[in-house]
Structure formats: structure tokens, C-alpha cells
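What you see is a predicted model; the values in this text were computed from it and never measured. So you know, we letter chains A, B, ... as the sequences are listed, proteins then strands, and number each from 1.
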Amino acid sequence: MTDLLDTNALAYSGRALDAATQAASVRRWGWWFQAEWRLRSMKAYWTSIIGTALLTPLLYVLAMGIGLGSLVDAHAGGIGGVAYLTFVAPGLLVSTVVMSGTAEMSYPVMAGFKWGRLYYARATTAASPQQVALGELLAVFIRLLAEALVFYVVLVVMGAVRPGWSLLMVPVAGLAGMAFGAPLGAYAGTIENEGPEFALIQRFVVMPMFLFAGTFFPLASMPIYLQWVGWISPMWHGSQLARAAGFGMPLSGGEVLMHLSFLVGVTAVGVWLALRSFVARLGR
Amino acid sequence: MPVIEASELTKTYGELRAVDEISFAVSPGESFGLLGPNGAGKSTTMRMIGGTTLRTSGTLLVNGLDPEVRGPEVRANLGVVPQQDNLDTELRARDNLIMYGRYFGLPYSYLRPRADELLEFAQLTEKADEKVDNLSGGMKRRLTIARALVNEPRILLLDEPTTGLDPQARHILWDRLFRLKEQGVTLIVTTHFMDEAEQLCDRLIVMDRGRIVAEGSPADLIRRYATREVLEVRFGSDRNAALVERLRGFADRIEPLPDRVLLYTEDGEGALEAVRREGLEPVTSLVRRSSLEDVFLRLTGRSLID
Ligand SMILES: Nc1ncnc2c1ncn2[C@@H]1O[C@H](COP(=O)(O)OP(=O)(O)OP(=O)(O)O)[C@@H](O)[C@H]1O
Ligand SMILES: [Mg+2]
């Protein structure tokens with residue numbers, strides 16, 4: 001302590017970049033510095049992220065493949081000509097990642113404004129509020145990709161997916177996760193006080209999407225008046241693409257384009273809303 | 001050129017004028033205080049200086065730049081200690097400093113040794129690898145203050161920096177801040193401790209309901225708004241108020257508080273004599289020099305910590 005004060009290094013160490021250089025670097029890379037933080041604090045629960053990513057597919061494959069799958073395959077001869085496990089695996093991967101996106105963009109975002117108030121700390125640095133939001137979204141996207149990759153590897157190892165082009169289901173799942181996560185993050189940024197919002201979203205949006213939007217059975221097997229649940233659901237659009245990648249489920253070029261544009265479009269709008277939401281909240 | 005120059009700076013929240021057309025300027029290397037009761041608009045003013053809270057109207061220049069337009073350039077020169085700690089409780093103490101420094105674009109090769117210096121500054125070297133969750137309130141506060149220095153700012157915004165610090169830690173911090181000031185760092189401080197304001201501030205403004213009600217050096221303000229001495233008398237809480245009228249003649253000004261009555265006078269002992277001669281025997285009495293606290297009472301009509 002005395003050393004520090006003797007040399008007066010407290011104010012000037014002579015080693016720091018000058019303010020103009022700091023500012024220039026942050027204008028350019030601030031979004032990445034922000035993402036780095038969120039990724040680093042995920043280290044605290046990194047093992048649980050990876051553990052979940054390993055265990056979830058294991059349990060699903062056991063239950064769906066060996067339990068439910070054998071029943072479906074015996075009675076209906078699989079779905080659309082493939083074994084039930086093959087059909088359901090890409091959908092499970094996408095749904096799981098979307099649900100992780102939901103978790104990462106709900107309470108943690110609210111906490112950043114409300115409990116730990118960390119976003120306010122980050123906003124007092126040279127970064128802009130837009131960069132705080134972008135960094136947050138990017139970190140979650142990276143985390144979702146990592147989870148999807150682990151999940152995918154387990155599916156391959158267990159023989160539920162054949163390796164190759166099926167790897168494309170990883171980015172598709174990450175995108176679907178953001179298509180739901182980004183708008184949710186925008187909304188979470190507007191919540192003043194913790195109410196039942198997230199529990200309601202979980203129960204009445206995410207669960208119905210998971211159960212009815214084409215994860216466990218083709219959307220077309222539902223009555224037409226319920227199929228809209230799938231049309232507006234990132235899970236369904238993602239699962240369809242993941243199935244095309246996973247076992248070559250036939251999709252026309254138009255369908256692929258439609259699913260992709262839905263996911264990209266909703267993500268883009270979500271990102272835009274999240275930026276606005278963060279800027280408004282941090283600027284008050 | 002002033003480092004901070006505010007002109008008719010205003011922030012409204014709906015109907016509420018939280019900061020109401022205030023103007024002030026701070027010179028380089030000055031230590032500038034913002035005083036005022038709860039809700040006066042001090043923190044809001046601080047946040048506008050950092051460009052994090054957007055102002056409603058008025059102009060504001062920090063180092064000649066508008067913080068809303070040139071946020072990164074302004075904040076790269078700024079160290080901010082917010083009123084409420086907002087450390088990352090998941091991270092260790094050292095990582096909090098490093099990550100915060102990353103936001104300024106500072107490389108790890110600079111940040112690692114800097115973090116150790118700052119931990120030493122905050123007397124937290126032993127706690128470097130402790131999760132912030134496990135630090136005491138005062139330790140968190142010290143870490144927040146250390147964090148504000150990570151980018152070697154030329155301006156330090158301290159919003160109630162010593163809240164939660166024990167007396168020893170407060171005195172050490174004052175000493176450190178004084179050394180920073182000697183190095184040419186400009187300090188902007190809000191505080192509810194009048195002794196702190198007297199110690200730290202060259203000049204201060206007193207705010208109330210969003211407006212500036214007085215401005216000057218601590219000594220100036222005491223001279224202008226208080227007498228040389230104060231006589232404090234207590235008659236018991238039920239009698240204090242009743243006796244105010246009878247005490248009026250004995251002082252230049254009287255300030256009745258719930259637990260005691262303050263008599264402002266040039267000669268405290270003399271006033272006490274006179275009060276006794278009148279047959280009013282206080283339960284306790286005290287003669288002291290006027291302080292900023294008295295200025296505060298007079299200007300805002302409220303005790304500091306209400
Ligand atoms: N985000 C906000 N939304 C609405 N009102 C706000 C907001 N922030 C501050 N205010 C209001 O603005 C006024 C000034 O608040 P501010 O925090 O600046 O006061 P302060 O002088 O720092 O008080 P304290 O001594 O209690 O810290 C208060 O009436 C407060 O309720
Ligand atoms: Mg305040």
C-alpha cells in the first residue's frame with residue numbers, strides 16, 4: 001500500500017492507455033468486451049450448463065427412443081418413414097436450446113437492471129448502452145451454440161443422429177433460441193418489479209410451444225385450428241430445419257427459405273427491440 | 001476551461017422536476033461537493049455527468065464534450081462510484097476489477113497488475129480471491145471505489161462514497177482521495193456527512209428539490225448562513241417546542257428540533273447564562289462552533305438524515 005502511494009501510481013501508473021485510445025477501442029470492440037463479461041460470469045454455472053447439455057439428451061434418448069419410440073415404431077412404423085427417435089431428436093435439441101434461451105434472457109436480464117444492477121455498472125464504463133445490450137445477446141448466443149453442440153455430440157454418440165450435414169442443426173438451434181430469447185430480453189428490460197410474468201410465459205407460451213408445436217409429432221397431425229401455435233413458434237421453424245438437416249426430412253427450397261426468414265426476421269426484430277429497451281432503461 | 005460545465009441542467013420524471021435548471025462549473029483539480037436532503041437530485045445530477053441518465057434540457061459539457069453524444073470519450077476519463085454498489089457478486093474481487101477494466105478496452109497485461117494495486121489500495125489483498133458475495137458491506141464499498149480507479153480517470157464521481165465504511169476506513173479513504181486530488185484528479189462528491197464535506201470539498205453546492213440553494217466553500221457557507229457559535233439546549237421532548245417562544249430573545253436565530261433547540265449566537269456561553277437567569281434550566285446544554293450541518297438545517301429546513 002505504501003509503495004503504491006509513494007509512487008502515486010494510484011492516479012497515474014504510466015501504464016494505462018490514454019483516455020482517447022480507450023474510447024476508440026471501446027467504440028470499436030465494446031460489444032465484445034461486454035459479451036466477455038457475461039461469458040465469464042457464466043463460468044460460475046458453466047459446469048451446470050455443460051452437465052445439463054449432456055444429461056438432457058441422454059434422458060430424452062432413453063425415454064423417447066427406447067420407451068416411447070419402441071411403442072410408436074411398433075404400432076405406426078415410425079414417423080414419415082423414419083424411426084421415432086430419429087424424428088424426435090432434432091426437435092428435442094431445438095426445444096431444449098430455445099428453453100435455455102428463455103432462461104438466460106428472462107431473470108438474468110431483469111437482475112441486471114433490478115437486483116445486482118450490473119448493467120448500470122457496465123453503462124458507466126466507456127461502453128454505450130447499445131453495446132451493453134449487444135454484448136448480452138451475443139454472449140447468450142454463444143452459450144446456446146455451445147449447449148447445442150454438446151447436445152448434438154451426445155445424440156451422435158447415442159446413434160440418434162448420423163454425423164455430417166446434421167451438424168447444421170446446431171446453428172439452427174442457436175438461431176431459434178435467439179428468435180425467442182431476444183424479444184424476451186427486450187421485454188425483460190421493461191419489467192419494473194418482479195411479478196408472475198416469467199412464470200406465466202413459461203407456463204402459457206413455452207410449454208404449449210414445446211408440447212404442441214411439432215416437437216413430438218408433426219404439426220400437420222394436429223387439427224388445422226391449432227396449427228397456428230406452430231406457425232408462430234421459433235421451436236417449430238427451428239425443428240423443421242433441424243429435421244431437414246438431421247435426417248433429410250424433405251423440405252422444398254421455399255419452405256427452407258420461409259423457416260429461415262422467420263427465424264432471422266424475428267431475431268432481428270428482437271435484437272432491435274432489446275437495444276431500444278436497454279437504451280431506454282439505462283438512460284433514465 | 002472548466003472540466004464540467006452545466007447550464008440550466010434539468011431532468012424531469014413525469015411531473016417531478018428531479019433536477020431543475022441548475023448551473024455550475026467545476027475547475028480542473030477541484031474538489032466539488034453536492035449536498036442536499038434525500039431526493040434533492042444529487043445522484044441524478046451525477047448520472048447526467050456520466051451521460052448515463054439522459055437530461056431533459058439544458059447543456060452539459062465534460063472536458064468540453066457532451067456526454068450524451070461523446071459518451072465513450074467522456075466516460076473513458078471518468079471513474080464512477082454509484083450510490084448503490086453494483087459489483088458482480090458471482091465473480092471474485094480481483095475479477096471484478098479486471099472485467100470492469102476490460103469494458104474500457106484495457107488489456108489484461110495492464111489489468112492484472114493494476115487489479116493488485118487497487119486491491120492493496122482498498123486493503124482487500126487478502127480477499128482478492130473471495131467471491132464478492134462473501135465480502136462485508138464496507139468491503140464491497142471499498143471494492144466499488146477501487147473499481148472506479150481502474151482506468152486511471154481524471155475525474156472521479158463519488159456518490160456517498162463512505163456510506164457503510166467504519167471510521168478508520170473513512171479516514172483512510174479521505175487521505176487517499178486527497179492524494180488523488182494532489183495528482184490533479186477532479187473530485188465530485190455527494191455526501192450526507194458534513195464533516196466529510198468540510199474535509200474533502202473546496203467548494204460545494206447545496207441542493208434542495210432539484211434546485212441550488214447555496215454555493216461556496218465550506219467556510220464561506222458557515223460564515224454566510226450560520227453564526228459563530230451554537231448553543232444546544234434540551235428541556236425534554238415535550239417541553240422543547242413550548243419554550244421556543246421564550247427563548248427567542250436570546251439568539252439571532254432559533255432552530256427547534258424534535259429533541260433539542262438550537263440557538264444561533266456569536267457568544268454561546270453568554271446566551272446560556274442569560275437563559276439560566278431567565279429561570280429556564282435546560283436538562284443538558286452544549287456550546288459549539290457552527291458547522292456545515294447548521295448551514296444545511298437553515299437552508300433546507302430539514303435535518304440531513306431524515
Ligand atoms: N429512475 C427514476 N424514476 C423516477 N423518479 C426518479 C428516478 N430517479 C430518481 N427519481 C426521483 O428524482 C428525485 C431525485 O432523486 P436523486 O436520486 O437524484 O436524489 P438524491 O439527492 O441523490 O437523494 P439521496 O440523498 O436520497 O440519494 C427523487 O424524487 C427521486 O424519487
Ligand atoms: Mg443519491
By a 4.5 Å heavy-atom criterion (distance strictly below it), what part of [X] contacts chain B: side chain, backbone, both, or neither?
X       : value
L282(A) : backbone
A123(A) : both
T125(A) : both

Between [X] and [Y], which heavy-atom pair has the shortest distance, and what is it?
X       : Y       : value
A126(A) : F104(B) : N-CE2, 3.5 Å
G283(A) : K11(B)  : O-NZ, 4.0 Å
D88(B)  : S41(A)  : OD2-CB, 3.6 Å
A76(B)  : A19(A)  : CB-O, 3.4 Å
Y100(B) : T124(A) : OH-OG1, 2.8 Å
G105(B) : L17(A)  : O-CD1, 3.7 Å

Residues in residues 137-149 of chain B that sit under 4.5 Å from chain A, counting heavy atoms only: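 Listed by number: R147(B), L149(B).
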
Sorted by number, residues from residues 50-66 of chain B in contact with chain A (heavy atoms, under 4.5 Å):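 At a heavy-atom separation under 4.5 Å, chain A is reached by T52(B), T53(B), L54(B).
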
Residue selection (most heavy-atom pairs with chain A, distance under 4.5 Å) from P113(B), G71(B), P72(B):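 Maximum pair count with chain A is reached by P72(B).
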
pair R27(A)-R70(B): side-chain heavy atoms closer than 4.5 Å: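 A side-chain contact under 4.5 Å exists here.
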
pair E73(B)-Q22(A): side-chain heavy atoms closer than 4.5 Å: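 A side-chain contact under 4.5 Å is absent here.
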
Qualifying side chain to side chain donor-acceptor pair (under 3.5 Å) pairs with a residue from residues 268-284 of chain A, counting only residues at least two apart or across chains: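 Counting only pairs at least two positions apart or across chains, the side chain to side chain donor-acceptor pair (under 3.5 Å) contacts touching residues 268-284 of chain A are E192(A)-R284(A).
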
Under 4.5 Å from a heavy atom of chain A, the part of L78(B) involved: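 Neither; nothing under 4.5 Å.
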
Distance in Å, R122(A) CZ paired with Y103(B) OH, rounded so as to fall on 0.5 Å steps: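 Atom-to-atom, R122(A):CZ and Y103(B):OH are 4.0 Å apart.
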
Straight-line distance of R15(A) CZ to L106(B) CG, nearest 0.5 Å: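 Separation between the atoms: 10.5 Å.
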
Whether over 12 other heavy atoms sit under 6.0 Å from Y45(A) OH: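 Result for OH/Y45(A): enclosed.
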
Chain B contacts, top residue of G116(A), A121(A), P129(A) (heavy-atom pairs, under 4.5 Å):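 Of the candidates given, the most pairs with chain B belong to A121(A).
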
Largest heavy-atom contact set with chain B, pairs under 4.5 Å, which of W32(A), Y120(A), W29(A), W37(A):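 Option with the greatest count: W37(A).
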
Donor-acceptor under 3.5 Å (R75(B) side chain, A127(A) main chain):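 Checked: pair present.
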
Carboxylate-amine/guanidinium proximity below 4.0 Å for R40(A) and E90(B):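 Judged by the 4.0 Å cut-off on N to carboxylate O distance, R40(A) and E90(B) do not form a salt bridge.
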
With R117(A) via side chain to side chain donor-acceptor pair (under 3.5 Å) - residues at least two apart: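 Listed in chain order: Q84(B).
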
